[in-house]
Amino acid sequence: MRMNYLILGLVTLLAVVGLFVSRDPERSARLSQMYDDAALSGDAKQAALVLIALAIGGFVAYLTISRR
């Protein structure tokens with residue numbers, strides 16, 4: 001089986017499941033509530049972005065210093 005057909009099949013499956021979930025208002029509301037509960041607060045989101053920026057900056061500095 002070629003990789004293109006596998007990816008196309010997974011995308012089709014995702015679309016069908018998405019249509020099924022969005023059709024049921026109760027399940028859609030629960031999914032929306034789950035996304036809201038899983039979201040980071042403003043301060044936590046900002047702290048996570050700073051940590052990611054520091055990690056990327058440190059990695060770039062490491063690559064710059066270790067390059068011969």
Side-chain angles (χ1 to χ4, degrees):
M1 181 179 231
R2 296 180 63 184
M3 186 62 73
N4 292 343
Y5 292 125
L6 181 63
I7 292 173
L8 183 62
L10 289 175
V11 168
T12 304
L13 180 67
L14 182 66
V16 169
V17 169
L19 288 173
F20 177 73
V21 169
S22 66
R23 187 177 58 176
D24 184 12
E26 206 173 296
R27 186 173 293 167
S28 181
R30 284 187 302 193
L31 187 62
S32 177
Q33 183 65 35
M34 182 190 70
Y35 287 148
D36 290 342
D37 291 344
L40 295 175
S41 67
D43 292 337
K45 190 181 297 185
Q46 190 170 6
L49 287 175
V50 167
L51 288 174
I52 290 170
L54 286 174
I56 291 172
F59 183 66
V60 169
Y62 166 74
L63 289 178
T64 303
I65 292 171
S66 67
R67 189 171 185 188
R68 295 174 191 222

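Computed from a predicted model, the values in this text were never measured in an experiment.
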- Query: Using links of under 4.5 Å between side-chain heavy atoms of ILVMFWY residues, direct or through other members, which residues join Leu14 in one cluster?
  - Reply: none
- Got a sec, which residues hit side chain to side chain contact (heavy atoms under 4.5 Å, CB included) with Val50, two or more places apart in sequence or on another chain? Leu54
- Message: Could you see if Tyr35 belongs to whatever hydrophobic cluster contains Val17? Use Ile, Leu, Val, Met, Phe, Trp, Tyr and a side-chain cutoff under 4.5 Å.
- Response: yes
- Task: Run through the side-chain heavy atoms of Ile, Leu, Val, Met, Phe, Trp and Tyr, join any pair under 4.5 Å, and report what else lands in Leu63's cluster.
- Result: Phe59, Tyr62
- Apply side chain to side chain donor-acceptor pair (under 3.5 Å) to Asp37 and list each qualifying residue two or more places apart in sequence or on a separate chain. Gln33
- By side chain to side chain contact (heavy atoms under 4.5 Å, CB included), which residues pair with Ala44, not counting sequence neighbours? Leu40, Ser41
